[in-house]
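The analysis underlying the following values was restricted to heavy atoms, covering all of them including side chains, and did not include hydrogens, waters or symmetry mates.
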Number of protein chains: 2
Amino acid sequence: MAGTAEQIMDIAEGLIRSRGYQGFAFREIASTVGIKSASVHYHFPTKGDLAQAVMDRHVAQFDTALAEIDQQGGSADKKLKAYIGLYRREIGKQKELPVCMMLSTDSEVLPEDVVKALQAYYKLNVKWLTDLVSSKHSKMDAKTAKRKASLIHAALNGAVLGVRSVNSKQYFEQVADEVLALL
Amino acid sequence: MAGTAEQIMDIAEGLIRSRGYQGFAFREIASTVGIKSASVHYHFPTKGDLAQAVMDRHVAQFDTALAEIDQQGGSADKKLKAYIGLYRREIGKQKELPVCMMLSTDSEVLPEDVVKALQAYYKLNVKWLTDLVSSKHSKMDAKTAKRKASLIHAALNGAVLGVRSVNSKQYFEQVADEVLALL
DNA sequence: GTCTATAAGATGATAGAC
DNA sequence: GTCTATCATCTTATAGAC
């Protein structure tokens, strides 16, 4: 039995991923949890606070997942496969995008702190991928490695986005296979 | 002096691109045009109708642009450069995404017809790119060409999305250069 | 922690006058 | 085509009781 704050974040995360920041309301979250909207405000004073909490929790989980991949070791290809697995996991429920991707499209109506967290998250991803590329191609200069990492990152994000438009997870898998060959 | 309906669509398109479907209101559009919200409803009965009109107009412009690229002829690389130019043009105003990309993330709250148009638009893009890939690699089988086309499409979409998070158009240019090398 | 009650404002949409 | 006026509903958020 998860705490109320946790439940609220779970539901908010799902709604953000399917409808975006502007697509959920305190009342809806409250009724799903089985409480009143005033009680949601007790845990998260403003809507921005709730979005920030959801974002922070997700980033923390993601950091842990990346650390685990690094810890398990193995080839660069194996690590990229595991990284792609993180994306695949987020597609699980169709019609949902990863939290940070959806929030990124809502950045114009988000509190400044959330936008900053979003930018930091992006940089973290590209840096991790850049290190991965460098580890496989020891003679490649840093700039080239970063460009390749950016391509991989963009392709995976685009692949996730595409699933929504083509209505099939296969699209993601096909792009993911091509991405693996890029490394 | 553009007609009122045109003006409404222009403003709606800008708002959809920066804040999404749920981020604009009839009253705001009306006050920007200099009329009242009831008059906006005269031209576009419902919010969904307005979104559909904006989407249809954009798709028509895009179709024309693709036809022009085909008409001008030249190498496959030249055509891909021109195709990438269509994306670059849409980034012009920072903090804005292409209409169809933004609407795609809002698909859960969009009228069914708009979602269908979105899916058709996606298919059109991948098909055009598939033909392009096939024209350069005459011996490549159709399936492989489509996979490569999907990769290119995903990477370009991801590149546009990334501009928002990294706050620099250079990110797009770097990925675009890598994409050119993929063909 | 959760509730009731309510504020204060925005929203999509319509009726009917001009 | 555009207006005024209005409806019914939803929104985030707060005050104060339990």
Peer 1: Should A:Tyr42 be listed as having a side-chain N or O under 4.0 Å from OP1 or OP2 of C:dT2?
Peer 2: no

Peer 1: Please state whether the rings of B:His153 and B:Tyr87 are parallel, tilted or perpendicular, taking 30° and 60° as the class boundaries.
Peer 2: perpendicular

Peer 1: Rounded to whole Å, how long is the line connecting atom CZ of A:Phe44 with atom P of C:dT2?
Peer 2: 11 Å

Peer 1: Is the B:Phe24 ring parallel, tilted or perpendicular to the B:Tyr21 ring (thresholds 30°, 60°)?
Peer 2: perpendicular

Peer 1: Rounded to the nearest angstrom, tell me the gap between atom OH in A:Tyr21 and atom P in D:dT11.
Peer 2: 13 Å

Peer 1: Could you walk me through whether B:Phe62 and B:Tyr121 pass the ring pair (Phe, Tyr, Trp, His ring centres under 6.0 Å) test, one step at a time?
Peer 2: CA-CA 9 Å; B:Phe62 191 80; B:Tyr121 180 79; 5.1 Å; yes

Peer 1: For a quick check under 3.5 Å, do A:Asp131 and A:Ser134 share a side-chain donor-acceptor pair by atom type?
Peer 2: no

Peer 1: Look at all strands and tell whether B:Phe24 reaches a base, only sugar-phosphate, or nothing, counting heavy atoms closer than 4.0 Å.
Peer 2: sugar-phosphate

Peer 1: Can you measure B:Leu110 atom CG to C:dG12 atom C1' for me and round it to whole angstrom units?
Peer 2: 15 Å

Peer 1: Distance check needed: D:dT11 P versus A:Ile29 CD1, whole Å only.
Peer 2: 11 Å

Peer 1: Rounded to whole Å, how long is the line connecting atom CD of A:Gln7 with atom C1' of C:dT2?
Peer 2: 14 Å

Peer 1: In whole angstrom, give the distance that lies between atom CG of B:Leu15 and atom P of C:dA10.
Peer 2: 16 Å

Peer 1: I'd like to know if the side chain of B:Ser18 reaches the main chain of B:Gly14, judged simply by a donor and an acceptor atom lying under 3.5 Å from each other, with no hydrogens or angles considered.
Peer 2: yes

Peer 1: Considering just the side-chain nitrogens and oxygens of A:His41, establish if one lies under 4.0 Å of OP1 or OP2 belonging to C:dG1.
Peer 2: no

Peer 1: If the cut-off is 4.0 Å, is B:Thr4 near the phosphate of D:dT2, judged by side-chain N/O to OP1 or OP2?
Peer 2: yes

Peer 1: Tell me: NE2 of A:His43 to P of D:dT12, nearest whole Å?
Peer 2: 17 Å

Peer 1: Of the non-hydrogen atoms in B:Leu183 and B:His137, which two are nearest, and what is the gap between them?
Peer 2: C-NE2, 3.6 Å

Peer 1: Verify, without hydrogens or angle tests, whether B:Thr64 (side chain) and B:Ala60 (backbone) share a donor-acceptor contact under 3.5 angstrom.
Peer 2: yes

Peer 1: Given C:dT2, D:dA13, D:dT12, identify the nucleotide with an atom nearest to the side chain of A:Ala25.
Peer 2: D:dT12

Peer 1: Can you check the A:Leu50 CG to D:dA13 C1' distance for me, whole Å?
Peer 2: 14 Å

Peer 1: Any protein N or O atoms within reach of nucleotides 3-6 of chain D? Criterion: under 3.5 Å, listing atom names and distances.
Peer 2:
residue: D:dC3; atom: OP2; partner: B:Lys36; partner atom: N; Å: 2.6
residue: D:dC3; atom: OP2; partner: B:Ser39; partner atom: OG; Å: 3.0

